[in-house]
Amino acid sequence: MNIFDAYQRRLAAVIERLSAEGQLPPGLDLSRVVVEPPRDAAHGDLATNAAMVLAKDAKTNPRALAETLASALRAENGVARVEVAGPGFINLTLTPALLQDVLGAAVRAGEAFGRSSAGKGEKINVEYVSANPTGPMHVGHGRGAVFGDALANLLAAAGYDVTREYYINDAGAQVDVLARSAYLRYREALGEDIGAIPEGLYPGDYLKPVGTMLADRFGRSLLAAPEAEWLPIVRNVAIDAMMDMIRDDLAALGIHHDVFFSERTLHGENGGAIKAAIDDLQAHGYVYVGRVPPPKGQLPEDWEDREQLLFRATDVGDDIDRPLMKSDGSYTYFAADVAYLRDKHERGFEHLVYVLGADHGGYVKRLQAVGRAIGGPELEVTVLLCQLVRLLRGGEQVRMSKRAGDFVTLREVIDEVGRDAVRFMMLFRKNDATLDFDLAKVVEQSKDNPVFYVQYAHARCASVFRQAREVFPDLDTAPAALEKAQFDRLSDEAEVDIIKRVAQYPRALEAAAAAREPHRVAFFLHDLASAFHSLWNKGKDAPELRFVNQTDRDSTLARLALVHAVRSVLASGLAILGVAAPEEMR
RNA sequence: GGCCCCGUAGCUCAGCUGGAUAGAGCAGCAGCCUUCUAAGCUGUUGGUCGCAGGUUCGAAUCCUGCCGGGGUCGCCA
């Protein structure tokens, strides 16, 4: 139940009626009309810009049109007051009865309140994490992982058919390097002194268990074999081990993908899916042999101007055409991307979301270009970049140096501060802003720590119910009973404010999903928690406002309904963020 | 040099896809613990929304150009 949608539809009906009656011209374009909460609560519950955006087409001025619409809206059900303000805003104040109906709906729906069918069941593919299988995940990967996962939850709540996907970059030179690095650890495991790890190989200790595993499984049999023979074997074992490690790390964050897609499967026999994709592009005139202009500014030292197979990306919005084939005749990483995108398209997805790190900024245009070339205008390709994470401890930056092999891993951070803190803090910032993550702050149990603050509000809700059961042992506090409470008892300003916030939750979820911005959910919850803590505290000065009132059963029941609604919204939002909603803080 | 992101209060950030007098938290200042958990709450000080133009009824938001910070730029993935 989204009151903003509901009144937008009523407004449209009113305009249509006035058109039919000849008071307004027919066929007005309502696409720019919005019904939204006014910034200032003093302006009522709903505000619309209808008069201002329609005035020109209606051949009148905004104030006059606003007055016309306002008098028609006064007759609408649930409307207590209509005012025209400023340049032509129409402000609606809803009746207490209508707000109480919304509260009743929220109580009835529980944690399902706010879910919608805005996505119309359309198939959407969210690809996230996709960390290379060459080592443990670091904190930057963690941000993309958490963001992608919360976004997927959010889109599911908004009525999309969501597939969560992980692209395994298990082809190319990097996994050969991984294999050689693991082979070295294998020799080490067999007792050899390997000395320092040579430049160009992965130095991290995390490969030692892989070496041991290889030694256990193959004994000394790989020692005498030529590289061409052992490399594919070691590579497979090492990739599997790395993916197991990554899956463990993701599980520690509560993240589970539906599909793990291997890049290597795109290569296959005779060029496989990549060749098929390029042939497809070629058939549509998107492929040619030509030269790429060198980058402006500083020219790479080994730059060699040569002809190569190119994707005509500039025809579909990119800045330059993109190489599909390397000088050794093998396909570029980008060529595999083309095949992968084509595969997703053939699996029937209408929306493709890529969650990438900030260092992939250069990829946005070319992925969208491929999307247009392969899927046409119906295929929506959205690339969301997660900016860098700065890891701090008490304000001091913690260095994350991958070269030294001793970088801070995601796992270490999860083990130190817990899943909930990692997830919430990663989501308490826009994805395109850099994020300071302070290991000291996120474990503080204080209002400075938003994770704690929101979880505490949920725990307090639970605490109210525990208290109520003690004071009124025979009181039925099940949702079915709460729904029948006397909501008109909730007349204090702070109580009404909370009802209004609850009423805004469905709209907030829809807007967050449409904008692909899960952080809005986190901020909404923080605001709701703040309003709830505030009401809680009011009961200190005004005992009659306390949730549980020994001498007033009816008020208690009504307030329990309110608390139940708050709790449901907090639980629903936290579930989308993938953060626990505790019954009590310990 | 090209492209992408960021620039809002002393600090950290929101700002609901163009709305009304730009909002929170922290820090500062002034208050609130015989309490339904003070792990919290109330009040208050503080802004030329980087700068300059433009678009329109209306701009922190959209467009252009600058300034500052970060990222990235064929044959790595």
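Letters A, B, ... are given to chains in the order of the sequence lines, protein chains preceding strands, and every chain is numbered from 1.
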With a 4.0 Å cut-off on heavy atoms, is [X] in touch with a base, just the backbone sugar-phosphate, or nothing at all?
X: Glu263(A); answer: sugar-phosphate
X: Ala358(A); answer: sugar-phosphate
X: Phe452(A); answer: base
X: Val548(A); answer: base
X: Ala511(A); answer: sugar-phosphate

Using the ring of each side chain (for Trp, its six-membered ring), is Phe523(A) parallel, tilted or perpendicular to Phe428(A), with breaks at 30° and 60°?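 Taking Phe428(A) first and then Phe523(A), their aromatic rings lie parallel (interplane angle under 30°).
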Answer yes when Arg520(A) and Glu517(A) have at least one side-chain N-carboxylate O distance shorter than 4.0 Å, and no when they do not.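 The answer is yes: the pair qualifies as a salt bridge.
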If you find the nucleotide of RNA chain B closest to Asn169(A) and the one closest to Phe547(A), which residue's nucleotide is nearer the 5' end?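 Counting from the 5' end, the first nearest nucleotide belongs to Phe547(A).
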Identify, between Lys441(A) and Arg466(A), the residue whose nearest nucleotide on RNA chain B lies closer to the 5' end.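 Its nearest nucleotide lies further toward 5', so the answer is Lys441(A).
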Is the CD atom of Glu307(A) crowded by more than 12 outside heavy atoms at less than 6.0 Å?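 Yes, because the 6.0 Å sphere around CD of Glu307(A) holds more than 12 heavy atoms from other groups.
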Around atom CZ of Arg32(A), are there more than 12 heavy atoms from other residues, nucleotides or ligands closer than 6.0 Å?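 Open.
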Ranges pairing with ranges for RNA chain B, where each run has three or more Watson-Crick or G-U pairs under 3.5 Å: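 So far as stems of 3 or more pairs are concerned, RNA chain B shows B:1-7 with B:67-73, B:10-13 with B:23-26, B:28-32 with B:40-44, B:50-54 with B:62-66.
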With a 4.0 Å heavy-atom cut-off, tell me which residues in residues 323-337 of chain A come close to RNA chain B, sorted by residue number.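 Heavy-atom contacts with RNA chain B come from Pro323(A), Lys326(A), Ser327(A), Tyr333(A).
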Nearest-Å distance for atom pair CG/C1', residues Asp438(A) and C26(B):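 It works out to 13 Å between those atoms.
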Round to a whole Å and report the spacing from CG of Asp492(A) to P of C41(B).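 Going from Asp492(A) (CG) to C41(B) (P), I get 17 Å.
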Is it the case that [X] and [Y] place a side-chain donor and acceptor less than 3.5 Å from each other?
X: Tyr202(A); Y: Gln174(A); answer: no
X: Asn132(A); Y: Thr134(A); answer: no
X: Asp170(A); Y: Ser262(A); answer: yes
X: Asn236(A); Y: Arg264(A); answer: yes

Please check this pair: side chain of Thr60(A) against backbone of Lys56(A), looking for a donor-acceptor N/O pair closer than 3.5 Å.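 Absent.
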Consider the side chain of [X], meaning its heavy atoms from C-beta on, and name the nucleotide among [options] that approaches it most closely.
X: Gln308(A); options: A20(B), C41(B), G74(B); result: G74(B)
X: Arg429(A); options: C57(B), G71(B), C13(B); result: C13(B)
X: Arg39(A); options: A60(B), A14(B), A77(B); result: A60(B)
X: Ser534(A); options: G19(B), U37(B), U42(B); result: U42(B)
X: Lys56(A); options: A77(B), C5(B), C57(B); result: C57(B)
X: Val53(A); options: G74(B), A20(B), G19(B); result: G19(B)
X: Asn537(A); options: A77(B), C41(B), U37(B); result: C41(B)
X: Asp319(A); options: G19(B), G7(B), C3(B); result: C3(B)
X: Leu388(A); options: C3(B), C57(B), G71(B); result: G71(B)
X: Trp536(A); options: U37(B), A20(B), G74(B); result: U37(B)

Does any N or O donor sit under 3.5 Å from an N or O acceptor when you compare the side chain of [X] with the base of [N]?
X: Asn91(A); N: A20(B); answer: yes
X: Tyr167(A); N: A77(B); answer: no
X: Arg507(A); N: C16(B); answer: yes

Any side-chain N or O of [X] under 4.0 Å from OP1/OP2 of [N]?
X: Tyr453(A); N: C41(B); answer: yes
X: His360(A); N: C3(B); answer: no
X: Thr434(A); N: G70(B); answer: no

For Phe89(A) and A20(B), say yes or no: do the ring centres fall under 5.5 Å of each other while the ring planes differ by less than 30°?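 Yes, aromatic ring over the base.
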Taking only residues at least two apart or on different chains, which pairs with a member in residues 545-566 of chain A satisfy ring-ring contact (aromatic ring centres under 6.0 Å, His included)?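 Output for this query lists Phe532(A)-Phe547(A).
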Side-chain contact, heavy-atom cut-off 4.5 Å: Tyr167(A) with Leu266(A)?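 A side-chain contact exists here, since the closest heavy-atom pair is under 4.5 Å.
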